[in-house]
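Worksheet: one structure, shown below.
Proteins come first, then strands; the chains are lettered A, B, ... in the order of their sequence lines, and each starts at number 1. Small disclaimer: the values here were computed from a predicted structure and weren't measured.
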Protein chains: 2
Amino acid sequence: MSNDTNTITKRERDCVICLKENSSSGFPMRLHQVAALMNIKAPTALNLIRRLERKNLVEIQDGMAMLTKKGEETVIRILLVHRTYESLLCQSGVPKETACEEVAEVDYLMSEDNARLVLKKIGSPEKCPHGKPIPMEELH
Amino acid sequence: MSNDTNTITKRERDCVICLKENSSSGFPMRLHQVAALMNIKAPTALNLIRRLERKNLVEIQDGMAMLTKKGEETVIRILLVHRTYESLLCQSGVPKETACEEVAEVDYLMSEDNARLVLKKIGSPEKCPHGKPIPMEELH
DNA sequence: AATATCATTAGTATATACCTAACATATGAG
DNA sequence: CTCATATGTTAGGTATATACTAATGATATT
């Protein structure tokens with residue numbers, strides 16, 4: 001077996017986050033934009049996005065990339081985990097940016113369910129240290 | 001550049017942990033034992049251990065593998081991080097084994113410094129949920 | 001001496017992640 | 001309408017990590 005459509009890599013994670021944060025109101029993104037934002041060359045970006053397409057997280061049409069429903073869900077899950085552990089680290093005394101960087105390395109590997117329990121334990125903050133909302137009901 | 005001797009991969013992480021937990025009192029381990037414990041074939045294990053050798057984490061002699069000083073330090077750092085976040089998850093209501101599995105995917109990617117701050121925040125427990133000590137002074 | 005055990009070499013394969021060079025195509029400027 | 005630019009895409013290449021099998025070497029045990 002090899003086509004593991006349920007796990008993603010760090011770069012794939014970065015890419016779906018990039019797609020989410022830079023496509024205004026669900027509008028697709030140009031490939032060269034993804035490449036520029038991710039600091040990679042166009043063919044590398046195309047390759048990456050094609051892998052995401054195989055995993056049903058992204059749709060490509062006329063050189064434009066857009067998250068699928070599954071892709072959107074994946075991003076929201078990652079963001080919930082990200083903002084939860086980011087909040088935990090900041091509450092513990094870790095600087096905001098340090099926390100963000102570290103959590104970005106692991107958020108896509110951790111479960112939403114566990115994050116929800118941790119979120120509760122740290123007092124259910126409604127916003128992450130950057131002031132962004134910690135998603136809850138959007139998920140189910 | 002490519003020879004990144006400061007970061008390790010998941011399998012390399014698993015390997016140094018295996019070496020630590022199965023070599024009684026600093027005694028080196030046979031390669032076939034490492035292979036068996038990690039569920040991989042001997043040549044794969046040899047390859048892995050050679051990578052760790054290049055990173056100065058392991059020494060090989062006569063088909064025996066042993067952690068170097070740097071390797072020991074790496075393991076202790078990983079275990080501190082592991083047991084800290086494992087404790088956090090369990091305190092939050094995550095079952096012990098679930099916590100252990102999830103944390104094993106990320107412990108080698110997270111910093112000791114941040115873990116120490118989290119450890120303090122969750123009440124500086126002296127033992128992880130499995131009853132193993134959370135290393136402190138051994139580190140510096 | 002034969003056998004079993006282990007390490008090692010060599011060769012193959014896949015996935016990820018990056019690149020350059022070349023080509024295709026559309027669009028806007030002149 | 002043509003030229004230049006922007007963009008996407010192909011093709012081909014490199015490197016690392018992770019795995020395998022098959023064959024060979026080396027060392028012990030019986």
**Request:** Look at the side-chain N and O atoms of Thr44(A) and state whether any lies under 4.0 Å from the OP1 or OP2 oxygen of dC19(C).
**Result:** yes

**Residue-phosphate contact under 4.0 Å: Arg11(B) side-chain N/O, dT16(D) OP1/OP2** = no

**Prompt:** Does the side chain of Thr9(A) get closer than 4.0 angstrom to OP1 or OP2 of dA15(C) through an N or O atom?
**Reply:** no

**Asked** CD1 of Ile49(B) versus P of dA19(D): gap in Å, rounded?
**Response** 13 Å

**Asked** Taking OP1 and OP2 of dA7(C), is either one under 4.0 Å from a side-chain nitrogen or oxygen of Lys41(B)?
**Response** no

**Request:** Take the protein atom CG of Leu46(A) and the nucleotide atom C1' of dT16(C), then report the distance between them rounded to whole Å.
**Result:** 15 Å

**Message:** What verdict does the side chain to side chain contact (heavy atoms under 4.5 Å, CB included) test give for Ser92(B) and Asn114(A), after you've listed the backbone C-alpha separation in whole Å, the side-chain angles of each residue and the deciding distance to 0.1 Å?
**Reply:** CA-CA 8 Å; Ser92(B) 304; Asn114(A) 293 355; over 6 Å; no

**Request:** Check whether any side-chain heavy atom of Glu102(A) lies under 4.5 Å from a side-chain heavy atom of Val94(A), and answer yes or no.
**Result:** no

**Charged N-O contact under 4.0 Å between Glu86(B) and Lys96(B)** = no

**Message:** Regarding Leu31(A), tell me which of base, sugar-phosphate or nothing describes its non-hydrogen contacts under 4.0 Å with the strands shown.
**Reply:** sugar-phosphate

**Asked** Does OP1 or OP2 of dA7(C) have a side-chain N or O of His32(B) closer than 4.0 Å?
**Response** yes

**Message:** Check the phosphate of dA7(C) against Arg30(B), side-chain N and O only, distance under 4.0 Å to OP1 or OP2. Yes or no?
**Reply:** yes

**Message:** Salt bridge check, Arg116(B) against Asp113(B): does any charged N sit closer than 4.0 Å to a carboxylate O?
**Reply:** no

**Asked** Considering only heavy atoms from C-beta outward, does the side chain of Met110(B) approach that of Val106(A) to under 4.5 Å?
**Response** yes

**Complete:** Within residues 57-66 of chain B, those residues having any heavy atom closer than 4.0 Å to DNA chain D are none

**Request:** Examine dA15(C): is either OP1 or OP2 under 4.0 Å from a nitrogen or oxygen in the side chain of Arg51(A)? Give yes or no.
**Result:** no

**Item:** Candidates Lys69(A), Arg77(A), Lys70(A) - the one meeting salt bridge (Lys or Arg N to Asp or Glu O under 4.0 Å) with Glu73(A)
**Value:** Lys69(A)

**Item:** Distance test, side-chain N/O of Arg50(B) to OP1/OP2 of dA17(D), below 4.0 Å
**Value:** no

**Asked** What heavy-atom pair brings Tyr108(B) and Thr9(B) nearest, and what distance separates the two atoms?
**Response** CE1-C, 3.7 Å

